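In what follows, residues are counted from 1 in the order of the sequence shown. As the structure is a prediction and not an experimental result, all values here were calculated from the model.
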Amino acid sequence: VIDLSFNNLHGVMHQSHFPGLQILKVLSLSGTSISIIVNSSWVPPFNLEEIELASCQLGPKFPAWLRWQQNVSNLDISNTGISDMLPDWFWQVFSSVENLNMKNNQIRGVLPPRMESMRITTLVLGSNQFSGPIPIMLPINLTVLDLSRNNISGPLPVNFGALLGLEILLLFENAISGMIP
């Protein structure tokens, strides 16, 4: 575990900071001013379970090294200066993530058409540039869905009634149309 979160730390971390960390499972740098700058072809020596990098500087490109993190249950890359298209591999790699927070970036892309097989309980994508419709099938265990301040369009999915555990639904400032199911 590396947890340096919510300190007055700044500076740059490079891939040279991470060799020998093969058993690292948690990387928590949220609330710092650390920039993570690594080569786009870098393959990390670790396979993280928790990645908490809120308010770090990761962008403007989407961090390609995340592709190799296949056991993540908690991913928070909110407010990290990413201004890029969501990579094609993203939804497959993070299909078993439980908590996903990417708010306050400029990430472009669309949500997958069906998400019912995903384990996501908290999906926070507010204040980005996601477009297209809300998936017709959402994860059944979803408790938080924040798609606010994006470019989401089209109707609301008819299965909102099946989301019995949904506690927070934020869809404001989009282009959603049609009837409320």
* M13-L48 co-clustered via ILVMFWY side chain contacts under 4.5 Å -> yes
* **I152 side chain near L171 side chain, heavy-atom distance below 4.5 Å** => no
* I82 side chain reached by M102 side chain, heavy atoms, under 4.5 Å -> no
* So do the side chains of L75 and Q69 get within less than 4.5 Å of each other, counting heavy atoms only? -> no
* To do: Over all heavy atoms of both residues, which pair between L166 and V144 is shortest? Give the atoms and the distance, please.
  => CD1-N, 4.2 Å
* Asked: Rounded to the nearest 0.5 Å, what separation is found between the CE atom of M137 and the CE atom of M118?
  -> 13.0 Å
* Do you know the tightest heavy-atom contact between L125 and N150? -> O-ND2, 3.0 Å
* Structure fact -> Only residue of T80, N128, N79 satisfying side chain to side chain donor-acceptor pair (under 3.5 Å) with N105 is T80
* Under the side chain to side chain contact (heavy atoms under 4.5 Å, CB included) test, residues paired with T143 that sit two or more places apart -> T121, T122
* Is a side-chain donor or acceptor of D84 paired with a backbone partner of F62 at a separation under 3.5 angstrom? -> yes
* Asked: So, N74 versus E52: side-chain donor-acceptor pair below 3.5 Å or not?
  -> yes
* Going from CG on L53 to CG on L66, what distance comes out if it is rounded to the nearest 0.5 angstrom? -> 7.5 Å
* **Separation of L27 CG from I36 CD1 (nearest 0.5 Å)** => 6.0 Å
* How about N104 and S127: do any of their side-chain heavy atoms sit closer than 4.5 Å? -> yes
* Asked: L156, L147: one ILVMFWY side-chain cluster at the under-4.5 Å cut-off?
  -> yes
* Structure fact -> Taken to the nearest 0.5 Å, the spacing of M85 CE from R108 CZ works out to 5.0 Å
* Asked: Any side-chain heavy atom of N141 within less than 4.5 Å of one from P139?
  -> no
* To do: Applying side chain to side chain contact (heavy atoms under 4.5 Å, CB included) between L145 and each of L170, I168, L138, report the one that passes.
  => L138
* Structure fact -> Checking L9, D76, I77, L29 against C56 for side chain to side chain contact (heavy atoms under 4.5 Å, CB included), the one that qualifies is L29
* **Spacing of CH2 belonging to W91 relative to CE belonging to M115, to within rounding of 0.5 Å** => 4.5 Å
* State, yes or no, whether a side-chain contact exists between L4 and I2 at a heavy-atom distance under 4.5 Å. => yes
* Should Q57 and S33 be marked as a side-chain contact (heavy atoms from CB on, under 4.5 Å) after you check the CA-CA gap, both sets of side-chain angles, and the distance that decides it? -> CA-CA 7 Å; Q57 183 62 40; S33 295; over 6 Å; no
* **Point-to-point distance, once rounded to the nearest 0.5 Å, from OG of S55 to CD1 of I34** => 11.5 Å
* Is there a side-chain contact between S148 and E173 (heavy atoms, below 4.5 Å)? -> no
* To do: Count the heavy atoms of every other residue, nucleotide or ligand shown that sit under 6.0 Å from CG of N39, and state whether that count exceeds 12.
  => yes
* Structure fact -> Correct closest heavy-atom pair for W42 and P45 would be CZ2-CD, 3.8 Å
* Asked: Given side chains that start at C-beta, do those of L123 and L142 come closer than 4.5 Å, heavy atoms only?
  -> yes
* How would you list all residue pairs meeting salt bridge (charged side-chain N to carboxylate O under 4.0 Å, His left out) that involve residues 17-35, not counting sequence neighbours? -> none
* **Transitive ILVMFWY side-chain link I180 to F172, under 4.5 Å** => no
* Asked: Same cluster or not: are I51 and I120 linked, directly or through other Ile, Leu, Val, Met, Phe, Trp or Tyr residues, by side-chain heavy atoms under 4.5 angstrom apart?
  -> yes
* Asked: Between R114 and I136, which heavy-atom pair has the shortest distance, and what is it?
  -> NH1-CD1, 3.6 Å
* To do: Taking atom CD of Q92 as the centre, report whether more than 12 heavy atoms of other residues, nucleotides or ligands fall under 6.0 Å from it.
  => no
* Asked: Closest approach of V110 and F130, non-hydrogen atoms and distance?
  -> N-CD2, 4.3 Å
* Asked: Under a single-linkage definition using a 4.5 Å side-chain heavy-atom cutoff for Ile, Leu, Val, Met, Phe, Trp and Tyr, are W65 and I37 assigned to the same hydrophobic cluster?
  -> no
* If you look at every heavy atom in P155 and I176, which pair is closest and at what distance? -> C-CG2, 4.5 Å
* Go through the structure and list residues passing ring-ring contact (aromatic ring centres under 6.0 Å, His included) with F94, not counting sequence neighbours. => F90
